[in-house]
Structure formats: structure tokens, C-alpha cells
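Index from 1, following the sequence.
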Amino acid sequence: MAPRLTILYGGLLLCTTTPTTTAFHNPTPNLPPIRHPNQQCSTTTALKNGYCADLSEYANRDINAMHEWAYNYGVQQAEGFSLTSYDGYDFFAMAGADIPAGTCVLYVPSNLYLTSYGSKQEFGEQEEAESLIGNLAGADQFPLFYLFLKILVEYERGQDSSWFPWLNSLPRVFNNGAALTPSCYDCLPPLASKLSMAERVKCINCRQALKTVDFISDEIKNNEELTKWAYNVVETRSLDVGGEKIIIPMADMFNHGSDGHEVEISYDEEGSCVVYTTADAPAGSPLRISYGDYYLTNPSATFAKYGFVDETCPSTFCKMMDIIPSTELRDIGLSFSRMLFYNNGEVSDEVYDVLLYQILSSNWQSQKEFYNACMNGDTATKSAFQQQYLGEVMTRLKTHVDGFLNNLDELSVKASEKDLEKHPRLPLIVAHNDFVRETFLRVKEQIDPIAAQAMYR
């Protein structure tokens, strides 16, 4: 594969890796002309006439119409590629027949993308909105806002939108952090609560900034359900590429897999999306991508952003949230992605290293010696320190695990006392907490005997 510099829809620059062959030809479909934003339909009239997508909870996701739309605009798929659902609400990509590794399963032309950069070109720079978001959260959230704005404009255009069939195929209900009720955060452990609340704040920022946009109707601006929906569409279905956000219809149907993924998204020389299998995919198996390394070891982050419990995740952050960070601690492993508890009960070396470094804080010389051993790969010196302080390290670790399990028990009681009708996402919250609990219980099984033995050394 050779790296290329590609121009995507809307002028977005992207460095890609292009397969040497493709199973599909590259058509050049054209979308209908896009109207100026001030030409959109009246939302009140549109909703009354069923002109816009029905966002009610049990509305039909019209996957068939989206399939036809995609085909008409140049999307191509392999014979074994299919979209399926177990419940009629959650649809995902699956292998309908055996698909060998290296097969091109999906092609999406670049002019079908929705991009933050293309949105900014189409609607112009929204100075007031950027100023507000910049002050609240920083410029890195501008792409999120512009793609959020694009979704709302296309929704308001109703059936006149070139993307209407895609919009009408999207989920109506989301379960991520931005969708939770304020009371729900009280039922989550600290990290999951913090990450979920961060999603809620980003959503609020986008909705506040929307009030400064003069071509969006007041009906849209004041529709909390709709604006939350648009935010969640962007946050759960977009890819981060070169500092911008893009949504690739059809390619947004791939679920995430932490225990391995069957397909990868790449781009050809024209910037169009080409999806290839990375392994043999037997008939009936899901076709999954990786949403990124951050989500491979952090099911709480997956829950907060995407709204599902990733039971394929082999590990979870150890939930030590009270450690004051320093450069040295970060160097030796203080990170959500390195301080891990594994589903088989094992504990990552970084957990032990960080705990021992903290214990050595009363002896600066020893702490510095241990730090240097960690950084230089001096396993003999590290091992000597670990043996000497094994009892203290294991006692701290056991205290943390026992305390966190007690905290989960208290959260379960809180959840059981809340009204499911007012807080319909509580079962998912409980499922997240139970998944984390199972990992902590397996760790406890491993460390309790060691901690007991270390106490009597």
C-alpha cells in the first residue's frame, strides 16, 4: 500500500493509504444541487406534513430506502455485505456469506460524505458561534459544531435534502453521555460519570452556539430533542480525519470490536471510501471496525461517547482517579490506556509501578532510582524494589479494589431506587457497572491471596 495525499468532499485534505487493487469501478455520481441555507422548508409545516424524518422513539428506520438511495448515488457493496438487525432498531454490517480476507466489501464515493470543512464552506464562518465555543471549550470543537449544523440544516430541508433517505435510516434513540438525564450520572462510577458529563457539556455548547446562527429557524433551535439527536448523530457516526469530522453514509453502519475487527476503512486516490476485510469473515459474523485505540481498553469511554457496553473489551482502566498526575507518573504509566485490569484477573505492570512510585515519595533517592529503572528498562532494579515493597503495594491495591467494589454496590442501590420511566437508560448503566464489577472481582480473586501472603512476610 502506498500513502497518498487526497482531497475529500468539501476540500478536506487527508493522507490515506490506498490498496493497489479495488473490486469496484469508480463512478462519478452527482448529488442534486444544494440550496442556500435560507431556502430550507418551514420546520413547523414540515413536521405537520411529515416532510422531515420522524424522530419519535419507535419510528421505522427505513433501511431499504437508504439502500436504494446509496445505490443510486454510486455506493457499491460486495455480494456478501449486508445490513441486519436483531431487534429492528439497531442495524449493523454483517457478512451474509463467507467473505475472504482482502475483499473489498464497500465503496462510497467522496461526494456523498458530510464533512465539517464542507459545512463551513457551505454556510460560511460562524464567528459568533466559534467565539462562544472557543471560550467554553476550545477551537478543537469547531468541527463538531459545523457538522452538527450540517445535520440540522439537512434535517430542516426535509425530503428536499439530498441526504433525506440516510437521515431517515438513522437511530432515533441514543444512550450515550449526552442522552442521559442529570440523575443518571449519580449512578455511574467516577470515570464513566466524568466522561459522560463531558459529552453532555459538549452537546450543551453546540446547542448554545446554534442560537447565534441566523439561518436556522427558532423551531429548530428550541427543539431540545432534535438538537440532542443531531449532536448524537455526529458524535457517534463521524470519523476524525486530519483535524476535521466526516460522516460516510453506509460506512457508518460498522460496529466496533475490541477483540478484533474484520474490516478497515481506507481511501482511494479520489478520496472515496473503500472498505476491505482484514480477516476471513464467515457468513453470519459481524463486520466490525476499530473506533480507535482509546476504546480498546476503556469500556467507560465507549459507553460515554457511543452509548453501549463493549463486552468484547479485554480490559478496563483500574479506576484510580485520586492520583495527582506528574510528568514522572505519566512517564511510567499513569494513563487510562495503560493502568489496566484485565478480564482474566491480571493487572498491568503500570498499576504496580505507579503505586510503588507513590509509596516511595517519602524517600526521594529511592523514588528517583526506581523511576530511572522504569525508564531505562532495568528489570533487576525494578524487581528488587517490587519485592521489597510488595506488602505495601498489594495492601494499597487491595484497599482500592475493595473500596471500588463497595462503591459499585452503593451505585446499584441508587439505581434501584430511581424511576425507570423517568430514567430509561438505567438498565444500560447497571449493565456497564456490572461489566466493570466482573473484572474487578476477577482481579480481587488474584490479588487477595498475594496480599494475605505478603502481610505475613
Side-chain angles (χ1 to χ4, degrees), residues 1 4 6-10 12 14-31 61-85 90-115 162-163 165-171 233 236-241 245-257 260-292 306:
M1 293 187 180
R4 297 177 181 269
T6 305
I7 299 180
L8 297 182
Y9 166 75
L12 174 63
L14 167 70
C15 185
T16 69
T17 303
T18 305
T20 54
T21 60
T22 177
F24 302 134
H25 69 282
N26 293 349
T28 56
N30 292 311
L31 292 171
R61 293 182 62 184
D62 197 344
I63 298 297
N64 291 333
M66 188 270 288
H67 247 140
E68 182 180 355
W69 165 82
Y71 174 79
N72 289 337
Y73 286 122
V75 173
Q76 300 172 58
Q77 60 188 57
E79 186 175 343
F81 176 89
S82 66
L83 299 179
T84 190
S85 173
D90 179 26
F91 287 84
F92 56 93
M94 175 177 278
D98 292 344
I99 304 178
T103 301
C104 180
V105 295
L106 184 68
Y107 166 88
V108 183
S110 61
N111 66 341
L112 211 57
Y113 300 177
L114 300 102
T115 75
S162 300
W163 286 273
W166 172 75
L167 290 168
N168 203 33
S169 74
L170 294 175
V233 166
T236 62
R237 307 187 84 81
S238 66
L239 302 173
D240 294 314
V241 181
K245 281 188 175 291
I246 65 173
I247 296 178
I248 307 176
M250 283 292 280
D252 63 339
M253 301 297 289
F254 293 108
N255 279 345
H256 168 76
H261 54 278
E262 294 75 25
V263 296
E264 285 184 355
I265 294 176
S266 59
Y267 305 90
D268 67 14
E269 63 275 5
E270 296 176 354
S272 296
C273 170
V274 187
V275 183
Y276 279 82
T277 50
T278 57
D280 293 340
S285 64
L287 297 175
R288 302 169 300 173
I289 61 174
S290 169
Y291 288 174
Y306 295 102

>> With heavy-atom distances below 4.5 Å as the criterion, would you say the side chains of I248 and Y267 are in contact?
In response: yes
> Looking at residues at least two apart in the chain, or sitting in another chain, which of them share a side chain to side chain contact (heavy atoms under 4.5 Å, CB included) with H261?
Replying inline: E264, T278, S290
> Within the distance-only criterion (no hydrogens, no angle test), does the side chain of W69 pair as donor or acceptor with the backbone N or O of N64 below 3.5 angstrom?
Replying inline: no
> Between the main-chain N or O of P100 and the side-chain N or O of T277, is there a donor-acceptor pair closer than 3.5 Å?
Replying inline: yes
> Would you say the side chain of M250 lies within less than 4.5 Å of the side chain of H67, judging by non-hydrogen atoms?
Replying inline: yes
>> For F91, run the side-chain contact (heavy atoms from CB on, under 4.5 Å) check against S169, P171, S85 and tell me which one passes.
In response: S85
> So, the side chain of S266 versus the backbone of V274: is there a donor-acceptor pair under 3.5 Å, distance only?
Replying inline: yes
> Looking only at heavy atoms, what is the nearest atom pair of P249 and L114, with distance?
Replying inline: CG-CD1, 4.1 Å
> Should the ring pair F254 and F81 be called parallel, tilted or perpendicular, given that the plane angle runs from 0 to 90° and is split at 30 and 60?
Replying inline: perpendicular
> Can you name the closest pair of heavy atoms from Y291 and N255 and give their distance?
Replying inline: OH-CA, 3.5 Å
> With a 4.5 Å heavy-atom cut-off, do I289 and I265 have their side chains touching?
Replying inline: yes
>> Can you confirm whether I99 sits close enough to D280 that some side-chain heavy atom of one is under 4.5 Å from a side-chain heavy atom of the other?
In response: no
>> Can you tell me how far apart CG (D252) and OG (S238) are? Round to the nearest 0.5 Å.
In response: 10.0 Å
>> To check you understand the geometry: which heavy-atom pair defines the closest contact between G102 and Y276, and what is its length?
In response: O-CD2, 3.3 Å
> Can you name the nearest heavy-atom pair linking G257 to R288, along with the distance?
Replying inline: CA-NH1, 3.8 Å
> Shortest non-hydrogen contact from W163 to L112?
Replying inline: NE1-O, 3.0 Å
> Short question: side chain of Y73, backbone of N111 - any donor-acceptor pair under 3.5 Å?
Replying inline: no
> What's the verdict on side chain to side chain contact (heavy atoms under 4.5 Å, CB included) for R237 and L170, showing C-alpha distance, side-chain angles and the deciding distance?
Replying inline: CA-CA 10 Å; R237 307 187 84 81; L170 294 175; 3.4 Å; yes
>> For H256, is there any backbone N or O sitting under 3.5 Å from a side-chain donor or acceptor partner on Y306?
In response: no
>> To the nearest 0.5 Å, what is the distance between CE on M66 and CG on L167?
In response: 11.0 Å
> Atom CD in E68, atom CD1 in I63: separation rounded to 0.5 Å?
Replying inline: 13.5 Å
> Quick one: are V108 and Y113 in side-chain contact, heavy atoms under 4.5 Å?
Replying inline: yes
> Which atom pair, heavy atoms only, marks the closest approach of L287 to A281?
Replying inline: CD2-CB, 3.7 Å
